[in-house]
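To start, the structure under review is shown below, and the notes come after it.
Everything numeric in this text was worked out from a predicted model, so none of it was measured. Counting from 1, the numbers follow the sequence of the chain as shown. For ligands, and for the atoms within them, numbers begin at 1 and follow the listed sequence.
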Amino acid sequence: MKRRPRLAVWKFASCDGCQLSLLDCEDELLALAGAVEIAQFLEATRARARGPYDLSLVEGSITTPQDAERIREVRRVSKALVTIGACATAGGIQALRNFKDVKAFTSIVYARPDYIETLATSTAIADHVKVDFELRGCPIDKRQLLEVITAYLHGRAPAVRTHSVCIECKRRGIVCVMVARGVPCLGPVTQTGCGALCPSCDRGCYGCFGPMEAPNTTSLARRMSELGASADGLVRVFRTFNANAPAFRKESEAHE
Ligand code: SF4
Ligand code: SF4
């Protein structure tokens, strides 16, 4: 009998939301479980099969010396490695530490900060090992996740769009909140994937899918400034889930 491809799901520093997106594929989960052997997925089962694995999905960022070692081992046993979510692709919200002294945080958060062994930064998986594909979002979109898994199972490139959220607004006929009401919106520089969820609810995008391909953050920051955003406000706008993504980090640093 033909062997089913082996899928492994790994967690690093994260909230588990992206792994939950996989479990959230209610209608497709049985078909998926039939097409692949789920060899490692602690969020769903304690059963674990040893590697090597055909496809590894990696959630979370690298924040400890142990993480940095473990991801090299995951890479070693994985034929293809796909990172999922803002933590794994850009360091996540925990990358806010990258702009400060991490000891200042541990001394406030933990009763015994001397027990905490952590790195000074939170970084994307691609900063440590070769990554075959990065799937954006906080959390990721389950349709995009299924597309990526299907693509790897069939040996083709995933069809995931890299244009801005604005294009999605135009496609859906959503009135632009920035043009119509002067509401700050990160949509012009944010990668699509959510179907323009926030503008469809009459609010601005706050960039949870991270920078689109070649984003013009300088131009958007200028427009936000004309709409009344302070320099401090602009720093905060670009420092959320994807604060350490190079394009957003550079723009936030320009307003410090
Ligand atoms: S609402 Fe935001 S994402 Fe939509 S078109 Fe306007 S600026 Fe772009
Ligand atoms: S509109 Fe922006 S903030 Fe809202 S879900 Fe989409 S990418 Fe995330």
(message) Whether Arg143 and Glu28 form a salt bridge (side-chain N of Lys/Arg under 4.0 Å from carboxylate O of Asp/Glu) is what I want to check.
(response) no

(message) Check this for me, if you would: do Arg76 and Glu73 make a salt bridge, where the nitrogen-to-carboxylate-oxygen distance has to be below 4.0 angstrom?
(response) yes

(request) Check step by step if side chain to side chain donor-acceptor pair (under 3.5 Å) holds for Arg97 and Thr118. (result) CA-CA 11 Å; Arg97 71 167 71 176; Thr118 189; 3.0 Å; yes

(request) Heavy-atom contacts with Gly187 under 4.0 Å: which atoms of ligand 1 show up? List them by number with element. (result) 3 (S)

(message) Under 4.0 Å from a heavy atom of Lys170: which atoms of ligand 1 are those, numbered in the order shown and with their elements?
(response) 5 (S)

(message) Just to be sure I'm reading this right: ignoring hydrogens, which of Pro188, Ala180, Cys176 gets closest to atom 6 (Fe) of ligand 1? Compare them by their nearest heavy atoms.
(response) Cys176

(request) Just go through Cys208, Cys198, Gly204 and tell me whose heavy atom is the nearest to atom 4 (Fe) of ligand 2. (result) Cys198

(message) Below a 4.0 angstrom heavy-atom separation, can you tell me which part of Pro199, side chain or backbone, both or neither, approaches ligand 2?
(response) side chain

(request) Give the C-alpha distance, both sets of side-chain angles, the deciding distance and a yes or no for side chain to side chain donor-acceptor pair (under 3.5 Å) between Ser252 and Arg239. (result) CA-CA 7 Å; Ser252 76; Arg239 278 191 194 160; 2.9 Å; yes

Which ligand 2 atoms does [X] reach within 4.0 Å, using its non-hydrogen atoms?
X	value
Gly207	2 (Fe), 3 (S)
Phe209	7 (S)
Cys194	1 (S), 5 (S), 6 (Fe), 7 (S)

(request) Determine, using heavy atoms of Ile174 and all atoms of ligand 1, whether some pair is separated by less than 4.0 Å. (result) no

(message) Quick check against the 3.5 Å criterion: does Arg136 have a side-chain atom that pairs as donor or acceptor with the backbone of Thr190?
(response) no

(message) Is Cys185 close enough to atom 2 (Fe) of ligand 1 that one of its N, O or S atoms comes in under 2.8 Å?
(response) yes

(request) Could you point out which residue of Arg222, Arg181, Met178 forms a side-chain contact (heavy atoms from CB on, under 4.5 Å) with Leu227? (result) Met178

Please check if the number of heavy atoms outside [X] that lie under 6.0 Å from its [atom1] is greater than 12.
X	atom1	answer
Glu117	CD	no
Glu226	CD	yes
Lys103	NZ	no

Please write down residue, atom name and distance for the protein heavy atom closest to [atom].
atom	answer
atom 1 (S) of ligand 1	Val177 N, 3.4 Å
atom 2 (Fe) of ligand 2	Cys205 SG, 2.3 Å
atom 3 (S) of ligand 2	Tyr206 N, 3.3 Å

(request) Between Cys166 and ligand 1, find which residue part has any heavy-atom pair under 4.0 Å and reply side chain, backbone, both or neither. (result) both

